[in-house]
Amino acid sequence: MEEKNNIQIAIEAFGHRHPEIKLEKSTISCQNIRVLENKLHITIPTAVKDYFQAYTFSVPFVAGRLLGDFSYTYCEETGGWRKMEVEEEISTRIIQLPLMFPDSDLREFERVNEIFIGTGFLYLGLYDEEKYVLLDLQTEQVYQADMARVRPTSKEEARADILKWALPFFDRFDDLVRCFFAGELYDEEEMTFDVE
């Protein structure tokens, strides 16, 4: 019997909370990931590999609940953003990661990451539809960077922009998964999980 890792467990918990979303076992192999690593000239962290090999989803993004200095929240009922009420403290945020559709493979992920080759960062997805989610390949810390501030013209310019404008988001990829898949409430400013 296959031993489940934390990523699989969190995604399965997400599937149990949202039975309307279909999870399918990923068909990505270790060999597929090695080929990708060779093309991008990087070593992908274990947690991200675990994510690639866990499941694909039938939705384009997932929502997490975050504390922070937010003025808007994503409304799942309307599928759009709305101004937060004064008494609201928790904002719903959305993230789009690779492999969020059945039969996904790593080609699109590879294509998007071509602009980040040589920067020391790995593109993971989009946060709130306008920010890159980037993983520092040395520290494995996850950052968010406004897409409008990162020039994809050369690796030197992209790296300089990331270093200047990126904000710490999660200490590691596992924490991102805890927030957006396991449903744990996350304080974006303190970078800690909150007990409700």
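Values in this document were obtained by computation on a predicted structure and should not be read as measured data.
Annotation: the span from Glu24 atom CD to Thr56 atom OG1 amounts to 5.0 Å, rounded to 0.5 Å. Within the model, atoms OG1 of Thr139 and CG of Asp171 stand 9.0 Å from one another, a figure rounded to the nearest 0.5 Å. Separation of atoms CG (Asn113) and CD1 (Ile44) is listed at 8.0 Å; rounding is to 0.5 Å. Asn5 contributes atom CG, which lies 9.0 Å from atom CD of Gln53 (distance to the nearest 0.5 angstrom). The distance from the CG atom of Asp50 to the CG atom of Asp174 is 8.0 Å, given to the nearest 0.5 Å. Going from atom CD of Gln8 over to atom CG of Leu23 covers 11.5 Å, rounded to the nearest 0.5 Å.
In this structure, Glu188 and Leu67 have side chains that are not in contact, with every pair of non-hydrogen atoms separated by 4.5 Å or more. Residues Asp69 and Glu189 meet the side-chain proximity criterion, which asks for heavy atoms closer than 4.5 Å. Put simply, the side chain of Phe52 does not reach to within 4.5 Å of the side chain of Ser26, judged on heavy atoms. Contact annotation: the side chain of Leu124 never approaches that of Leu134 to less than 4.5 Å [non-hydrogen atoms, C-beta and beyond]. Residues Asp175 and Val142 form no side-chain contact, since every pair of their non-hydrogen atoms from C-beta on lies 4.5 Å or further apart. Contact check for Leu137 versus Pro45: side-chain heavy atoms found under the 4.5 Å cut-off.
Of the possible polar contacts, none joining the Thr119 side chain to the Ala158 backbone as a donor-acceptor pair under 3.5 Å is found. Looking only at distances, no side-chain donor or acceptor of Asp187 sits under 3.5 Å from a matching main-chain atom of Leu66. Using a distance-only test at 3.5 Å, with no hydrogens or angles considered, a donor-acceptor pair links the side chain of Arg17 to the main chain of Phe181.
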| task | Dump the intermediate steps for salt bridge (Lys or Arg N to Asp or Glu O under 4.0 Å) on Arg65 and Glu89, then the final yes or no. | result | CA-CA 10 Å; Arg65 297 172 317 112; Glu89 295 179 350; over 6 Å; no

| task | Could you walk me through whether Phe61 and Tyr74 pass the ring pair (Phe, Tyr, Trp, His ring centres under 6.0 Å) test, one step at a time? | result | CA-CA 12 Å; Phe61 61 82; Tyr74 184 78; 5.4 Å; yes

| Derivation and outcome, side-chain contact (heavy atoms from CB on, under 4.5 Å), residues Leu176 and Leu97 | CA-CA 11 Å; Leu176 180 151; Leu97 298 172; 4.0 Å; yes

| task | Give the intermediate values and the outcome of side-chain contact (heavy atoms from CB on, under 4.5 Å) for residues Tyr51 and Ile28. | result | CA-CA 10 Å; Tyr51 171 79; Ile28 293 173; over 6 Å; no

| request: I would like to know whether Leu122 and Phe109 meet side-chain contact (heavy atoms from CB on, under 4.5 Å); could you show each step before the answer? | output: CA-CA 10 Å; Leu122 180 69; Phe109 185 76; 3.9 Å; yes

| request: Please step through salt bridge (Lys or Arg N to Asp or Glu O under 4.0 Å) for the pair Glu108 and Arg111, ending with a clear verdict. | output: CA-CA 5 Å; Glu108 178 64 16; Arg111 186 191 67 72; 2.6 Å; yes

| So Met84 and Ser91, side-chain contact (heavy atoms from CB on, under 4.5 Å) or not? Walk me through it. | CA-CA 8 Å; Met84 288 181 70; Ser91 178; 3.7 Å; yes

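A donor-acceptor contact closer than 3.5 angstrom links the side chains of Tyr143 and Gln141. No side-chain donor-acceptor contact under 3.5 Å links Gln144 and Glu130. One side chain, Tyr55 or Glu12, offers a donor N or O that lies under 3.5 Å from an acceptor on the other.
Look at Lys39 and Glu110 and you find a salt bridge, because one of the NZ, NE, NH1 or NH2 atoms lies within 4.0 Å of a carboxylate O, short of that distance. Comment: Arg151 engages Asp161 in a salt bridge, judged by a side-chain N to carboxylate O separation of less than 4.0 angstrom. For Arg93 and Asp128, the salt-bridge test passes: some basic side-chain N is under 4.0 Å from an acidic carboxylate O. Classification of Glu88 and Lys83 as a salt-bridged pair fails, no side-chain N sitting under 4.0 Å from a carboxylate O.
Using a 4.5 Å cut-off between side-chain heavy atoms of Ile, Leu, Val, Met, Phe, Trp and Tyr, with links allowed through other members, Trp165 and Met147 fall into different hydrophobic clusters. In terms of hydrophobic clustering, with Ile, Leu, Val, Met, Phe, Trp and Tyr side chains grouped at heavy-atom distances under 4.5 Å, Val35 and Val48 are assigned to different clusters. Residues Phe173 and Ile9 are members of separate hydrophobic clusters, defined by side-chain heavy-atom contacts under 4.5 angstrom among Ile, Leu, Val, Met, Phe, Trp and Tyr.
By the 30° and 60° cut-offs, the orientation of the rings of Tyr123 relative to Phe116 is parallel.
Annotation: Gln31, atom CD; neighbour count of heavy atoms from other residues, nucleotides and ligands within 6.0 Å is above 12. Counted within 6.0 Å of CG on Asn6, heavy atoms from surrounding residues, nucleotides or ligands total 12 or fewer; the atom is thus considered open. Remark: Glu114 CD is packed, more than 12 non-hydrogen atoms of other residues, nucleotides or ligands lying under 6.0 Å away.
Residues Ser58 and Lys22 approach most closely at OG-N, 2.9 Å, considering heavy atoms. Of all the heavy atoms in Ile21 and Phe57, the pair that sits closest is CG2-CB, 4.5 Å.
In this structure, Arg178 fails the cation-pi test against Tyr186, since its NZ or CZ atom is not both closer than 6.0 Å to the six-membered ring centre and inside 45 degrees of the ring normal.
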